[in-house]
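Below you'll find the structure, written out as structure tokens, and then a few comments.
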Amino acid sequence: MAPRSGNVGITRRSVLAGLSGTLAASSGCLSRIRSLAGRNQPEPISVSIKTLPVDQDPYAIGIARQLSAWFEAGGIRASIQPITAEELYRQTLINQDFDVFVGQFPGAFADPDAFYPLLHSTYSVESGLQNPFGYTNLLMDDLLERQRRETGNKRTETVTRIQRRLVQVCPFLVLGFPNAIRAARTDRFTGWNGVFDPSPTNLLTLNTTGTSATRLRATTPDDRPMANLNPLMSSYRGPSDITDLIYDPLAYRYRGTLYPWAATNWEWTDSLELEVTLREDLSWHDGERLTASDVAFTYQLLRDTSMGSPAESVPTFRYRGRSSLVETAQAIDELTVQLQFDDCSRQTARRVLTVPPLPEHIWTDRTNKATVRGVNVGVTTTDALVTANVPPVGSGPLQFDSVAQGETLVLERFDDHFLETPEETGLPSALSDGLAFEEFELQFVGSDSSAVALIVDDEADVTALGVGPDLSSTIGRATDVSLNVDRSEAFYFVGFNTRRPPLTNPRFRRTLSRLVDRNALAQSVFDGYVDPAVSPLAGTPWLPPDLTWEPSDPVTDFLGTAGVVDSKRARDAFRTAGYRYNDQGRLLQS
Amino acid sequence: MGVLAVFIEVVAVLSLMLSVSLSIIVGPERLRTAVADLPGRLRVAVKPIALLAGVLLINSVVRNVGVDLSWIIGTNITEFIFSLEGTVVATIQSITPGWLTVYFGYAYVYGYAFILVFPLLASILADERRHLRHTAFAYAINYTIGMCCYLLFIAYGPRNYMPALVEPALFDTFPRFQLLTSEVNANTNVFPSLHTSLSVTVALLALRDREMFPQWTPFAVFLAASIVLSTMVLGIHWATDVIAGALLATFSVWAVSSDRVASLVSRWQSLYARLR
């Protein structure tokens, strides 16, 4: 210890002298203080992961928890928010209020052009299923536009480049295609394989077992179809979308081939001009005739749901990619509609035919600015994007019968549908026989184990969505119940909100993606019921060999071994990407 | 088995449990007097039971709109609860043997329904007016505060949050019960645990008035403890929900027992009467 000086008298003079001395000494480092104090204190990075609870998705929260553990090993705090489906998709797809979200892509990735709405920068500011990640990149835009124009090998090459870029810059990570497990009763109906995936229209392939069963009873853990049947609202439409049964497209993709559906044929009259002829005697569920003018109206509505009335256009929440291909749509006569396309190949252009037409006499009143009981709430949107659309008026094989909110939705066979008439349809025989049942009931059930219990007790026929792998033995043991395992087209993904730092930085996202071990997820979360993948086009001829996922060659370089992140390697990778850590080992924003 | 069938099953089992327990605990003598004076007993019961029914009615209305409303105004506290307690529920589950899980399943469904109904019926039949009034008031307090919490806090239970660690034991063991519970409650309404708060309320009131039905008190305490444990063993509630539920129960019993609260209420009543 230093000896203390006995008695220190502080005089006024000594204070003054000390002060002026300090001032003189500090003048040199004043600029140093300024340049230090002007700096913001770097904040540790934390992200929230939004996803569905177990009751609504058997895998999503397991994925989220595993991600959170991996991110934690990299020094990133990740909190998890389980959110009910309706709210989750409103927050993520409509309000863009998320950092990271884990979910299932709603529907199949039928064509590489599905990348266009998902990643093109012009959609980054829109609400809806189009570009929910807010990804913007001019080079990517160029590739997306090129694949629309190109054909053959050139298009394959461009699509390959898009996929490679996707794996590099990671606006979202594909995790894999689940093998959906379903329980189905076999004593009333047969032909269950693939019935609900990717499209419920596959219900047409069911047959009765000869019993007098007239009602097909399906269970679902998703209560959204009982609240809303608007085909334009992405936040209510899931991987197996019930509105597909109510609204018929012009053409229907079945096992990779496009078949004429509400249309009988289409013909190219010019390089970018298509004439589509509708079937005769098509009608809407309310009895009105379905004409070419409804079809033309639909393409205009999808471009701008306000039909040009307010100053700003109000695009839909769905079908943006396909509807953007159409430049003009015009009804030539009752049954013929003429479509003019923007610059694109015929192969891509045909995709617009899979969009379902909407009845003009109903939706034309929904183009006004939406209000709440007449009060303007300050949001520029139209009734078309707000209405619950109950009862829906479509032209599909099933029409609306009744709904009990949060409980059941009942649809009944539409006897005027072209499949129910004896005429030749030109469709594969599995589809062309019409429906094997008169009524379809979709019943909300709180969790997958009680859904399976209902099937076993003959209270329901099929679980519409996949159930958890722990139930497969229960299903296997039950009598008259089959265990159906189908590879789903609706892949699981991790979406990043690239509008928010540090997720704006592709290097950061890429390093995050290296904290994800699909092999470990497949084992620990999916119990093997998944085909891991890195591209949405896995399983199609579009996938380049270098992006084929295999356990021994998982494409992305995981920063660890056997599902355990090597903390040191992860930290080194983030440091290489330009990031720093604080004393507590937390990754810093800047 | 449909919702109705499960409902009938529960009602049948409950009636059996009640008739056996009432005849033992209330005793044949008091029952005989009760039958003789049934209209009088029921007249006394009308007011507190009507109050309870009113609260339950408001409850069911709020519950219908409540889930949507709470997604708008509520805070999602699932993650926060997890950060508080971690894997306590998973540990409790892992040390519970399988056969006990079945017992807890029955405790959760039948035991709970029984513990709620018994004190009301018993005190009507035994003409224990104070106990009846206090039980009904305490239930009303529990339901009202619980409902407010459900509106303000959104939380998923452990079975929904950590599926790898916590098994949804109730629904795996008795899938039919979920049909019933999902009718009664949404899966985001877990904080606080009303199963805990109401059973603890009954147990505390049974302890307070133990000379009334001496056989009931130890049984009520044991049953309440089983129900409290079952909420966690079955993976439905967090330990935090259970603690909050127990606090709510203590508060409600204090409120109905306290003289100060009683005088406050009577002062309000006289003020209200004067204003009229």
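Naming: A, B, ... by sequence-line order, numbering from 1 per chain.
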| remark: Applying a strict 4.5 Å limit to non-hydrogen atoms, the region of A:L52 in contact with chain B is neither
| Taking all atoms of both residues into account, what is the closest heavy-atom pair of A:G62 and B:P163, and its distance? | N-CG, 4.4 Å
| message | Show the nearest heavy-atom pair for residues A:D55 and B:N160, with the distance to one decimal. | response | N-OD1, 2.8 Å
Return all side-chain donor-acceptor pairs below 3.5 angstrom for residues 66-79 of chain A, not counting sequence neighbours, or 'none' if the list is empty.
| residue | atom | partner | partner atom | Å |
| --- | --- | --- | --- | --- |
| A:S68 | OG | A:A78 | O | 3.1 |
| A:W70 | NE1 | A:G563 | O | 2.8 |
| A:E72 | OE2 | A:R586 | NH2 | 2.6 |

| field | Residues in residues 73-84 of chain B near chain A [non-hydrogen atoms, under 4.5 Å] | value | B:N76, B:T78, B:E79, B:F82
| field | Counterpart residues, side-chain hydrogen bond (donor to acceptor under 3.5 Å, both in side chains), relative to B:T188 (two or more places apart) | value | none
| Any idea which heavy atoms bring B:W71 and A:P82 closest together, and the distance? | CH2-O, 3.9 Å
| request: Quick one: pull up OG1 in A:T84 and CD1 in B:I154 and give me the separation to the nearest 0.5 Å. | output: 9.5 Å
| task | Heavy-atom pairs under 4.5 Å with chain B are the metric here; pick the option from A:P53, A:A64, A:A460 that has the most. | result | A:P53
| request: Rounded to the nearest 0.5 Å, what's the gap from CD on A:Q81 to OH on B:Y161? Could you check? | output: 9.5 Å
| Contacts of type side chain to side chain contact (heavy atoms under 4.5 Å, CB included), residue B:A90, not counting sequence neighbours | B:T87, B:L165, B:V166
